[in-house]
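Source: prediction; values computed, not measured. Chain naming here is simple, since letters A, B, ... match the order of the sequence lines and numbering starts at 1 in each. The basis for the numbers below is simple: all heavy atoms, side chains too, and nothing from hydrogens, waters or symmetry mates.
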Amino acid sequence: MRSENSFYITTPIYYVNDVPHIGHAYTTVAADALARYWRLRGRDVFFLTGLDEHGQKVQQAAAKAGIDPQAYCDRLAPQFQNLWKRLEISNDAFIRTTDTQHREVVQRYLQRLFDRKLIYKDSYSGWYCTFDERFWTEKDVSGGLCPDCKRPVDRLSEDNYFFKMGQYQDRLIEYIRTHERFIRPEPRRNEMLGFFQTQKLGDLSISRPKSRLCWGIELPFDKNYVTYVWFDALVNYLSSLEYQLPVPSVDRYWPASVHLVGKDILTTHAVYWSTILMALDLPLPDMIFAHGWWTVDGEKMSKSRGNVVDPNKIIDRFGADAFRYFLLREVPFGQDGDFSEQALARRTNSDLANGIGNLLSRTLTMIERNCDGIIPDVPPDFLERESQKYSLVRFAKEQLLLLDQNLDAFMETFQFNDLLLHIVSRASDVDVFIDKHEPWKLAKDPDKQLELHAVLNAAVQCLSILSLYIYPFMPTTAKNIREQLGLSTDFSLPLLKEKLMWEPLPKGIKIRKANALFPRIEPKPQGAKSVNDNTLPPQSTTGSPSPAAATIQTPAPATPPQITIDEFQKIQLKTAKVLSAERVPKSEKLIKLNVSLGNEERQIVAGIGKKYEPDALLGKTIVIVANLKPAKLMGIESQGMVLAAGDSDVRGLITILEEVEPGTKVK
RNA sequence: CGCGGGGUGGAGCAGCCUGGUAGCUCGUUGGGCUCAUAACCCAAAGGUCGAAGGUUCAAAUCCUUCCCCCGCAACCA
């Protein structure tokens with residue numbers, strides 16, 4: 001019997017023929033965060049992922065490559081295994097459906113269902129596409145053409161084995177209704193219940209004749225057939241438990257705590273898998289959670305658009321932890337989200353580099369400079385005694401410890417984004433208290449040594465606790481923080497099993513300041529390759545191009561997108577002569593310009609005061625945007641914008657080589 | 001009448017079920033600070049909540065109609 005303390009989480013097994021993309025990474029990273037979290041909490045975790053290796057496409061692709069399907073799978077499997085390694089995925093097992101033991105389990109279950117008369121043979125007829133070698137339903141086939149290759153389909157009939165799925169409909173509805181957390185999130189659950197109101201559940205074809213498909217698991221009761229991929233694939237959740245660990249562990253982990261899936265395969269899990277389990281007299285999983293999908297730069301990810309995101313390239317540029325953080329922080333788990341490098345860079349900079357990374361950096365520097373690199377010691381009750389003075393320190397500390405009590409609730413409801421927001425906010429609290437106490441000033445006053453030490457010590461404690469919180473999401477960073485603080489920590493221990501306390505640090509710890517946790521991501525230089533740029537030539541060199549490939553591919557949109565000449569002409573550029581220039585009072589970089597456009601004068605406020613003195617601008621001919629909507633800057637209206645080179649800081653004004661009349665159009 | 005999702009300050013979103021001072025993150029602007037990764041802290045500006053009707057003492061929130069955007073598949077999580 002499974003104990004309350006066990007936690008069994010799965011990802012779907014991914015199709016080996018797929019190229020790993022952001023979607024695979026998403027599911028797997030989410031599962032990893034949960035697995036790591038519950039291990040920290042001391043639960044007995046089993047985290048499974050793996051590969052689905054049977055089926056038509058593998059068979060065809062292998063044939064095309066002229067190799068054995070198994071060899072073909074062996075060649076592809078490392079794509080996933082290596083990616084998981086790079087993403088710090090801590091799966092306990094990795095199943096491949098071509099494992100011998102898996103095949104045996106599948107066959108055993110098939111035989112059991114057959115013996116119980118829950119599988120029967122019948123003839124199936126439908127629309128068959130000879131080219132694609134597959135059946136289509138009535139709905140798919142429009143105008144007698146295959147929806148995939150657009151060739152005519154034939155009415156074909158063949159004998160197959162069917163699983164009596166239909167008879168479980170009422171039981172399944174009842175189960176979903178009475179188990180509120182079985183299908184999550186809520187909208188998906190409602191969707192499923194709605195689905196059953198209109199659909200009559202039919203029986204499920206679970207075989208394919210070997211004449212059509214041979215790369216699969218043979219039916220134990222009829223060697224002319226292999227089993228349908230879904231039966232093969234779903235059973236992985238159970239078969240793993242029989243052979244992936246040293247001891248058979250179905251009793252230890254089944255039923256699964258969570259099957260994490262994408263919303264596209266929710267029905268398969270909620271209906272096929274559930275009814276299979278019912279037929280086998282096995283308990284159903286506690287929860288099937290369907291998460292959302294990612295679009296890329298606002299568009300659906302697709303091969304034809306050329307915008308499929310390769311996680312490896314993201315890791316190269318941003319690092320695994322920033323990527324992991326982004327995936328779980330950006331969007332509520334369960335909803336769809338949009339991925340862009342810009343958004344990832346923004347998150348990385350603001351939350352990680354400027355937030356936690358900078359906090360660690362400033363703390364370590366102050367300890368290095370003022371305490372000889374040794375974390376300063378303070379009397380244990382110092383903060384309490386001086387509670388008035390250290391209210392902010394206490395606040396930061398209490399908020400941090402309070403979070404510990406709420407972690408479970410967040411993780412049980414999969415609110416990763418909210419939780420991460422809270423964690424980052426706690427880091428911000430620490431920044432606030434540091435600022436209030438101004439340790440750089442305390443350091444100059446020998447009488448305030450104790451206060452200085454108290455503040456720095458508290459900062460270290462906060463960082464140390466923060467590192468525990470972020471560990472499930474950013475394991476490498478968590479370890480890195482601890483190492484730089486000079487603390488040796490074994491994260492494989494259940495560090496959050498006991499209630500988190502504010503315990504004094506051991507004395508005399510020497511910090512080990514190292515590189516920044518998250519270097520700021522600078523915007524890409526113009527013309528730089530985007531991660532999803534398709535570097536392949538239009539005509540692939542491998543394999544012969546299919547007729548469909550003759551269509552010209554539209555190139556992936558460059559960033560920023562191109563504009564038309566019409567759009568450009570909306571922007572009215574003109575030369576202007578500077579009549580007067582003066583600094584805006586109390587402003588660091590604003591300069592108020594009066595410029596002449598020949599027959600018209602304009603007042604323009606420009607942020608160029610860091611680069612130019614007002615006097616240097618007098619009489620110069622510059623270029624302005626003449627039809628920009630006026631705006632007020634520090635209460636002064638600006639009726640246009642001057643053009644200048646430079647990004648965040650102005651490097652130089654745009655002027656003109658030849659002398660021209662003020663107000664001349666610039667194009 | 002195909003189905004579904006959505007339209008809220010410059011951007012991205014929350015709030016809508018269970019009507020009652022419109023909130024968050026980023027950005028912008030000003031100020032502070034100088035320990036820190038041009039960082040951090042404080043403050044401010046900025047929204048007639050897609051449109052029009054209706055219900056109500058009161059509507060972003062409920063009802064009706066309309067408009068606009070985005071998905072609808074096999075690279076798919």
_From L517(A) atom CG to Q484(A) atom CD, the distance as rounded to the nearest 0.5 Å_ =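 With rounding to 0.5 Å, CG (L517(A)) is 5.5 Å from CD (Q484(A)).
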
_Please report the interatomic distance CD1(I356(A)) to CD1(I481(A)), rounded to the nearest 0.5 Å._
6.0 Å

_Qualifying residues under salt bridge (Lys or Arg N to Asp or Glu O under 4.0 Å), relative to R86(A), sequence neighbours excluded_ =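 Applying salt bridge (Lys or Arg N to Asp or Glu O under 4.0 Å) to R86(A) gives D316(A).
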
I need the [atom1]-[atom2] distance between [X] and [N], as an integer number of Å.
X       : N       : atom1 : atom2 : value
L421(A) : rC24(B) : CG    : C1'   : 8 Å
F339(A) : rC70(B) : CZ    : P     : 22 Å
F80(A)  : rC76(B) : CZ    : C1'   : 11 Å
L463(A) : rC35(B) : CG    : P     : 19 Å
R347(A) : rC13(B) : CZ    : P     : 11 Å
K263(A) : rC72(B) : NZ    : C1'   : 10 Å
N354(A) : rG27(B) : CG    : C1'   : 13 Å
M192(A) : rG4(B)  : CE    : C1'   : 16 Å

*Pick the nucleotide of RNA chain B nearest each of K513(A) and E438(A); which residue has the one closer to the 5' end?*
E438(A)

_Along RNA chain B (nearest heavy atom to each residue), the more 5'-positioned of D431(A) and I356(A)_ =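 Looking at RNA chain B, the more 5' nearest nucleotide goes with I356(A).
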
Are OP1 or OP2 of [N] and a side-chain N or O of [X] less than 4.0 angstrom apart?
X       : N       : value
H21(A)  : rC75(B) : no
N370(A) : rC35(B) : no
S428(A) : rC41(B) : yes
Q335(A) : rA14(B) : yes
K436(A) : rC33(B) : no

Look at all strands and tell whether [X] reaches a base, only sugar-phosphate, or nothing, counting heavy atoms closer than 4.0 Å.
X       : value
D18(A)  : sugar-phosphate
K441(A) : sugar-phosphate
F518(A) : base
R520(A) : base
T27(A)  : sugar-phosphate
I265(A) : sugar-phosphate

*asked:* Run the side-chain contact (heavy atoms from CB on, under 4.5 Å) test against A62(A) and tell me which residues pass, sequence neighbours left out.
replied: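 Expected list: P69(A), Y72(A).
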
_Looking at W215(A) and E53(A), would you say the former's side chain and the latter's main chain have a donor-acceptor pair under 3.5 Å?_
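At least one qualifying donor-acceptor pair exists.
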
*Specify whether H269(A) and W230(A) have parallel, tilted or perpendicular ring planes, treating 30° as the upper limit for parallel and 60° as the lower limit for perpendicular.*
perpendicular

*What distance, rounded to whole Å, do you find between the two C1' atoms, one in rC57(B) and one in rG19(B)?*
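To the nearest whole Å, 12 Å.
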
*Among F333(A), F416(A), F414(A), whose ring pair (Phe, Tyr, Trp, His ring centres under 6.0 Å) with H291(A) holds?*
F333(A)

*Which string of ( ) [ ] | and . matches RNA chain B, if you list each base 5' to 3' and count Watson-Crick or G-U pairs only when both distances are under 3.5 Å?*
.(((((((.[[[[.)....(..]]]].(((((.......))))).....[[[[[..)....]]]]])))))).....

*Any side-chain donor near an acceptor of the partner, N91(A) and T49(A), under 3.5 Å*: no

